[in-house]
2 protein chains.
Amino acid sequence: MRPTIYDIAERAEVSIATVSKVINNKGKIGEKTRQRVLAIMDELDYQPSTVASALTGKQTNTIGLLVPDIANSFFAELARSVEDTGHASSFNVVICNTDNNPEKEIQYLWWLNQKRVDGIILGTGIQNSKALQDFMKQKIPLALVARDASTIDVDTVLVDDYRGGYEATKHLLTAGHIRIAFVVGEMNNSSDTERLKGFYEAYDEHGVSREEAVIVKDNNSIGDAKNSMRQALQNDPAITAVFALNDFLAIGCIQAGKEAGRRVPGDLSVVGFDDTFIATLSDPPLTTVAQPILEMGRLVTQMLIDRIGGKNETTRTIILNPELHVRETTAGIKEAERDVTGS
Amino acid sequence: MRPTIYDIAERAEVSIATVSKVINNKGKIGEKTRQRVLAIMDELDYQPSTVASALTGKQTNTIGLLVPDIANSFFAELARSVEDTGHASSFNVVICNTDNNPEKEIQYLWWLNQKRVDGIILGTGIQNSKALQDFMKQKIPLALVARDASTIDVDTVLVDDYRGGYEATKHLLTAGHIRIAFVVGEMNNSSDTERLKGFYEAYDEHGVSREEAVIVKDNNSIGDAKNSMRQALQNDPAITAVFALNDFLAIGCIQAGKEAGRRVPGDLSVVGFDDTFIATLSDPPLTTVAQPILEMGRLVTQMLIDRIGGKNETTRTIILNPELHVRETTAGIKEAERDVTGS
DNA sequence: CTGAAAGCGCTAACAA
DNA sequence: TTGTTAGCGCTTTCAG
């Protein structure tokens with residue numbers, strides 16, 4: 001069996017209280033006894049049980065992270081950042097894939113609560129806000145990332161989605177594009193709707209009728225985006241640009257464009273969102289609205305840890321600015337026409 | 001404060017033993033009391049503390065997963081599979097990013113031990129095998145995935161790397177390629193060396209001198225693979241094909257090839273390894289040796305859970321077959337020549 | 001500086 | 001069928 005504090009105490013001929021003190025170096029203990037205890041702990045490969053100490057009111061040093069799908073690069077990169085930041089403060093992180101399924105979402109919440117994690121980061125929308133309210137009675141520190149939930153009072157880190165949508169669209173409109181496809185997944189969260197608002201705002205500002213915009217929905221997979229886009233291109237050949245709400249969708253659109261004989265960016269400009277590593281892998285490299293993923297992860301995690309530690313009286317919301325990274329999937333419409341006639 | 005078993009007992013006017021029994025539905029309890037207790041538990045949002053029950057010898061229902069980097073698609077997909085499988089049996093998973101750093105590796109191992117996780121999946125090499133041996137004295141169930149370690153006796157799931165290397169190379173040799181670049185990262189694990197053996201085996205079998213092969217190393221990042229490959233192509237223009245040990249490296253090579261004016265697959269054929277989702281995103285879609293990632297995750301996790309549950313007396317090793325997925329980055333050397341002359 | 005003892009929330013005999 | 005009680009391994013007063 002694993003040695004316990006009693007084993008150490010016995011071998012060192014001291015009381016368990018003394019051992020406990022050297023473990024947490026608290027109180028005053030003679031240097032000699034301290035060394036002796038330390039030596040024995042080492043000799044027996046002793047490790048204090050987090051389980052036992054948690055029972056006495058101490059932390060579990062574990063936080064939970066809910067995301068829709070860790071296999072999705074955006075969340076994988078976010079998770080990496082969260083874990084790194086947690087690790088730096090001796091926290092472990094438990095990952096939970098919710099698939100945006102409301103039942104899984106709250107199930108995980110309660111599971112984590114039962115395990116007495118010290119805090120939870122929500123990187124996923126919580127569809128069932130009533131259930132969330134209920135859960136919050138448990139008073140587990142919570143923090144939100146990349147998803148807004150103005151109805152509840154929690155620490156939050158997000159990107160200015162409205163602005164991201166605006167910048168991307170402005171980039172396209174300025175290049176002369178009029179008929180732009182707005183490619184979105186389910187459109188079931190605040191990020192999507194905010195980006196759409198920014199999208200329309202740019203239209204208004206450029207004096208272009210919102211009628212010119214075409215909204216394309218899909219089930220948020222690359223394959224489906226490709227199909228929807230192909231469809232859209234058929235129905236409406238006047239489309240010369242697309243703004244996709246994440247890099248995956250954008251790549252699906254590029255594929256659809258190529259298959260439809262459109263050169264990118266010659267005949268079709270594409271802007272994505274997120275700037276995960278796939279944006280640079282794409283051919284051509286994808287112009288996209290970059291979210292500072294690593295920083296977002298770092299910030300939420302730090303906020304959560306601070307709150308766990310009892311700092312942070314009032315809840316805070318940090319809004320980061322997205323940044324348009326212009327690469328090679330966007331071109332001016334003039335250029336496009338020249339290309340077309342020239343060939 | 002959160003309600004405890006005492007609160008429930010008091011309100012229900014029964015003893016804590018009774019409450020405990022209904023929680024775990026053990027022993028015999030009258031249907032009436034059972035209902036009453038259940039109702040109260042529900043009313044108070046009571047959740048038994050895993051921490052407390054773990055202290056009495058029960059499981060924590062948590063497993064650890066060590067990987068080099070969750071942001072790497074291969075491991076992200078693996079993690080997803082592990083988490084799904086764990087979830088189905090009510091286990092949560094703690095992720096640990098080791099960066100292949102020996103110190104982080106064992107640190108995580110001990111952390112997890114201290115938290116009394118029920119088992120650990122190693123999806124990363126453990127460089128320090130002496131430290132591992134030491135750790136194993138703790139008798140925490142361990143399982144290995146995607147990495148061989150014949151020196152220690154643990155359940156293992158892996159892919160036949162030798163065969164994967166052989167198949168990929170054979171595909172290229174059969175197509176007429178002779179001078180093939182073998183692009184690898186650090187070459188610090190058994191997978192890499194096994195694949196290399198398979199690579200050479202194919203050379204031998206085709207009666208081609210091993211001298212024709214050129215080994216290209218890099219620091220296992222896409223950018224570095226690109227640089228190394230560019231270099232290699234300059235030094236040795238006779239290279240007509242590359243076998244890269246993962247899809248990232250393969251994409252780096254495609255980029256290098258394109259920049260060097262080589263058409264893919266016209267002037268340069270590329271085969272990757274893993275078949276993560278980026279293989280299909282690539283342009284052109286990447287020919288690659290597919291590892292059954294999801295199945296690997298499912299299998300290790302299930303093995304580990306079985307062992308935790310006390311089944312699985314003897315340790316097992318499951319070897320899965322990789323499968324060459326031929327897509328569009330490989331072409332015959334003849335074809336390539338025709339292309340060149342024809343243009 | 002060191003130790004005795006109570007208690008954290010739950011499980012599991014063992015009684016009743 | 002239900003309750004009493006002794007731990008699980010550790011922290012934390014409070015005495016010495």
Side-chain angles (χ1 to χ4, degrees), chain A residues 1-38 40-41 44-62 110-118 138-140, chain B residues 1-38 40-41 44-62 110-111 113-118 138 140:
Chain A
M1 277 309 292
R2 275 188 271 237
T4 72
I5 200 172
Y6 287 97
D7 300 318
I8 307 298
E10 192 173 358
R11 297 255 285 192
E13 298 178 299
V14 292
S15 73
I16 60 166
T18 302
V19 177
S20 177
K21 279 166 197 150
V22 351
I23 291 173
N24 307 289
N25 46 84
K26 266 188 162 183
K28 259 87 190 66
I29 5 86
E31 192 48 26
K32 279 188 173 176
T33 30
R34 141 185 240 79
Q35 290 306 336
R36 185 151 32 94
V37 171
L38 249 16
I40 306 225
M41 282 175 30
L44 301 190
D45 277 332
Y46 170 75
Q47 295 233 229
S49 158
T50 304
V51 166
S53 80
L55 191 57
T56 71
K58 299 196 114 187
Q59 300 180 1
T60 51
N61 270 270
T62 304
W110 287 104
W111 275 18
L112 292 172
N113 174 54
Q114 193 161 0
K115 303 229 168 133
R116 302 298 188 257
V117 297
D118 300 320
Q138 299 292 313
K139 303 223 185 307
I140 287 196
Chain B
M1 277 309 292
R2 278 190 270 235
T4 73
I5 201 173
Y6 288 97
D7 299 317
I8 306 297
E10 193 173 358
R11 297 255 286 190
E13 298 179 298
V14 293
S15 73
I16 60 166
T18 303
V19 177
S20 176
K21 280 167 196 150
V22 352
I23 291 172
N24 306 289
N25 45 83
K26 266 189 162 182
K28 259 92 186 62
I29 5 88
E31 192 48 27
K32 279 187 173 175
T33 30
R34 142 183 240 79
Q35 289 306 334
R36 185 151 34 93
V37 171
L38 248 16
I40 307 227
M41 282 174 30
L44 300 191
D45 278 332
Y46 170 75
Q47 296 234 226
S49 157
T50 303
V51 166
S53 80
L55 191 57
T56 72
K58 299 197 115 187
Q59 300 180 1
T60 51
N61 269 269
T62 304
W110 287 104
W111 275 19
N113 175 54
Q114 194 160 7
K115 303 229 169 132
R116 301 298 189 255
V117 298
D118 301 319
Q138 298 293 311
I140 288 196

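Order of the sequence lines sets the chain letters (A, B, ...), proteins ahead of strands, with each chain counted from 1.
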Would you compute the distance between atom [atom1] of [X] and atom [atom2] of [Y] and round it to the nearest 0.5 angstrom?
X	Y	atom1	atom2	value
Thr62(A)	Trp111(B)	OG1	CH2	10.0 Å
Leu44(A)	Arg2(A)	CG	CZ	14.0 Å
Arg36(A)	Arg11(A)	CZ	CZ	12.5 Å
Ile8(A)	Thr18(A)	CD1	OG1	13.0 Å

Mind checking which nucleotides bracket the chain B contacts on DNA chain D, 5' to 3', with an atom under 4.0 Å from a heavy atom?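 Endpoints of the contacted stretch of DNA chain D: dT1(D) to dG9(D).
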
If you draw a 6.0 Å radius around CD in Gln59(B), do more than 12 non-hydrogen atoms from other residues or ligands fall strictly inside? yes

Should we say atom CD of Gln35(A) is surrounded by more than 12 heavy atoms from elsewhere, each under 6.0 Å from it? yes

So Thr56(B) and Ser53(B), side chain to side chain donor-acceptor pair (under 3.5 Å) or not? Walk me through it. CA-CA 5 Å; Thr56(B) 72; Ser53(B) 80; 5.6 Å; no

Heavy atoms only: give me the nearest [X]-[Y] pair and the separation to one decimal.
X	Y	answer
Tyr46(B)	Ile5(B)	CE1-N, 3.8 Å
Asn25(B)	Arg34(B)	CB-NH2, 3.5 Å
Ala9(B)	Ser15(B)	CB-C, 3.8 Å

In short, the helix from dC1(C)-dG16(D) to dA16(C)-dT1(D) is bent end to end, axes from five pairs each side, to 10°, by 40°

In whole angstroms, the gap separating C1' of dT2(C) from CG of Asn25(A) amounts to 17 Å

Whether each nucleotide of nucleotides 6-16 of chain C has a protein heavy atom under 4.0 Å at its base (B), only at its sugar-phosphate (S) or at neither (-) is summarised, 5' to 3', as -BBBBBB----

